[in-house]
Number of protein chains: 2
Amino acid sequence: MEAPVPRRTRIQQEKRELILEAALDVFAANGFRGSTIDQIAEAAGMSKPNLLYYFRRKEDIHETLMQRLLDTWLAPLRELDDVGDPITELKSYVRRKLEMARDFPRQSRLFANEILQGAPRIMPMLEGELKSLVDEKAAIITGWMHAGKIAGTDPYHLIFAIWATTQHYADFDVQVRAVLGPDRGGDGRFEDAARFLEQLIVNGLTPAR
Amino acid sequence: MEAPVPRRTRIQQEKRELILEAALDVFAANGFRGSTIDQIAEAAGMSKPNLLYYFRRKEDIHETLMQRLLDTWLAPLRELDDVGDPITELKSYVRRKLEMARDFPRQSRLFANEILQGAPRIMPMLEGELKSLVDEKAAIITGWMHAGKIAGTDPYHLIFAIWATTQHYADFDVQVRAVLGPDRGGDGRFEDAARFLEQLIVNGLTPAR
DNA sequence: CTAACGTTTGTCCAATCGGTCAAAAATTGC
DNA sequence: GCAATTTTTGACCGATTGGACAAACGTTAG
């Protein structure tokens, strides 16, 4: 029996990666329907028929991209576990998510685009893989609440809030920068965000008692 | 001198509204490039040339929609003012934003789409109108902090966090529903979210002392 | 009734799109 | 070196797109 995934020569591997890299750029900036094969081909430095030699349809590129995305995208949540102090654990999760928004903004936008359009291509993954993972982690968080280690609240909405606040810095980057202005919108904005979110999650806004 | 905006008959007013309503549906669901004039025309119950009689270009529809959007979209923040208890004031703001996400999800998605694509059509508004408003409100919040009425933190990132967490329930609705499942993903999710966000903002996750 | 004006539509067009195909070019195995 | 195979490309195709246009239709005022 041969390998189930038919990837042939080393050159094919490399060209496919090149195309996926270019497509990530284009799809993240323009959405699926807003992107053309020509754009991706040009960004990858090859002709359109050449690109179609490696991926037979535009959708195949997107699909490959989305499959990889989910894996890496959920990695930070997978790391959340029961050992260590709960508050520390949650702060680490926020930090990891914020780092992903900073270091992989294109992936974040690709994902946001897909969800915004109603998740037509990844709905099964959301209801399957994603839901299972969140259920599992929500159970851990609920455990912490029952043990009195964190305040009792809704673990699902807590996870949503962490997703929303962190991904915001990738998906709404242009707005964040426009509002902060040239001086505060520079590289420091992620550290400011990290400080703010940490404090919000730990203590909220009530002044120290 | 006549009215500067050349809107003629009552029928023209009505048809333009009809088209804008249909276009909001289509643009919010498919993005600008993903939407076709035919789709909008069909949703508005008229032929394509008929639609183009009222709006000469596809972009004109989108532009009109975006101009109106900013006004209504920022209304909740405009209401934030200095009278009353700061914590109560911020909770009200969160509630108003969450109600907008619940009642006007299409507007939220339209806005999200535009920002995701780099805000090509509304960048001036972000750097002008929006930034001014946020600067003004951030100053109020800073005043509260200096008065010791709320914890000292970054007012800009606080506003970002409120935007992100509330709009998440409109923009990422399908994901929220998929994760919550059929039982918890129903109509109650906005009330659950409201309760959660209120608590998060007031007290964070530190258990009661 | 009819002329003027506002509204609606069928038809058409050029540009762009995703994708095909056959042939050329480059690479590889022997 | 040469044949087989893989890679690349120019030319092409049908479908869809945004938009133009003139003719038809409807309405209203005289």
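Note on naming: letters A, B, ... go to the chains in the order of the sequence lines (proteins, then strands), and numbering restarts at 1 for each one.
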| message | Under a 4.0 Å threshold between the charged nitrogen and the carboxylate oxygen, would B:E59 count as salt-bridged to B:R121? | response | yes

| field | Presence of salt bridge, A:D192 and A:R184, under 4.0 angstrom | value |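 Here A:R184 pairs with A:D192 in a salt bridge, since their nearest N and O are under 4.0 Å apart.
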
Tell me: [atom1] of [X] to [atom2] of [N], nearest whole Å?
X	N	atom1	atom2	result
A:L18	D:dT8	CG	C1'	14 Å
A:E42	D:dT9	CD	C1'	16 Å
B:D38	C:dT9	CG	C1'	13 Å
A:E14	C:dT27	CD	P	13 Å
A:Q39	C:dT16	CD	P	12 Å
A:Q13	D:dT7	CD	P	12 Å
B:F27	D:dG18	CZ	C1'	12 Å
A:I37	C:dT20	CD1	P	9 Å

| said: Can you classify the ring geometry of B:F111 versus B:W73 as parallel (below 30°), tilted (30 to 60°) or perpendicular (above 60°)? | reply: tilted

| task | Using the six-membered ring wherever Trp is involved, compare the ring planes of A:H168 and A:F172 and label them parallel, tilted or perpendicular (cut-offs 30° and 60°). | result | parallel

Would one find a side-chain N or O of [X] under 4.0 angstrom from OP1 or OP2 of [N]?
X	N	value
A:Y53	D:dT8	no
B:K15	C:dT8	yes
A:Q12	D:dT7	yes

| query | When we call it a touch if two heavy atoms are under 4.0 Å apart, what does A:Y54 touch: a base, just sugar-phosphate, or nothing? | reply |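 The residue A:Y54 makes sugar-phosphate contact but no base contact.
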
| task | Could you tell me whether A:L52 contacts a base, only the sugar-phosphate backbone, or nothing, with contacts defined as non-hydrogen atoms closer than 4.0 Å? | result | base

Name the closest nucleotide to the [X] side chain, picking from [options].
X	options	answer
A:N50	D:dG10, C:dG18, D:dT8	D:dT8
A:S47	D:dA20, D:dT9, C:dG19	D:dT9
A:K48	C:dT7, C:dG19, D:dG19	C:dG19
A:R57	C:dG19, C:dT9, D:dT6	C:dG19
A:P49	D:dG10, C:dT7, D:dG18	D:dG10

| What do you reckon, is CD of B:Q39 surrounded by more than 12 foreign heavy atoms closer than 6.0 Å? | yes

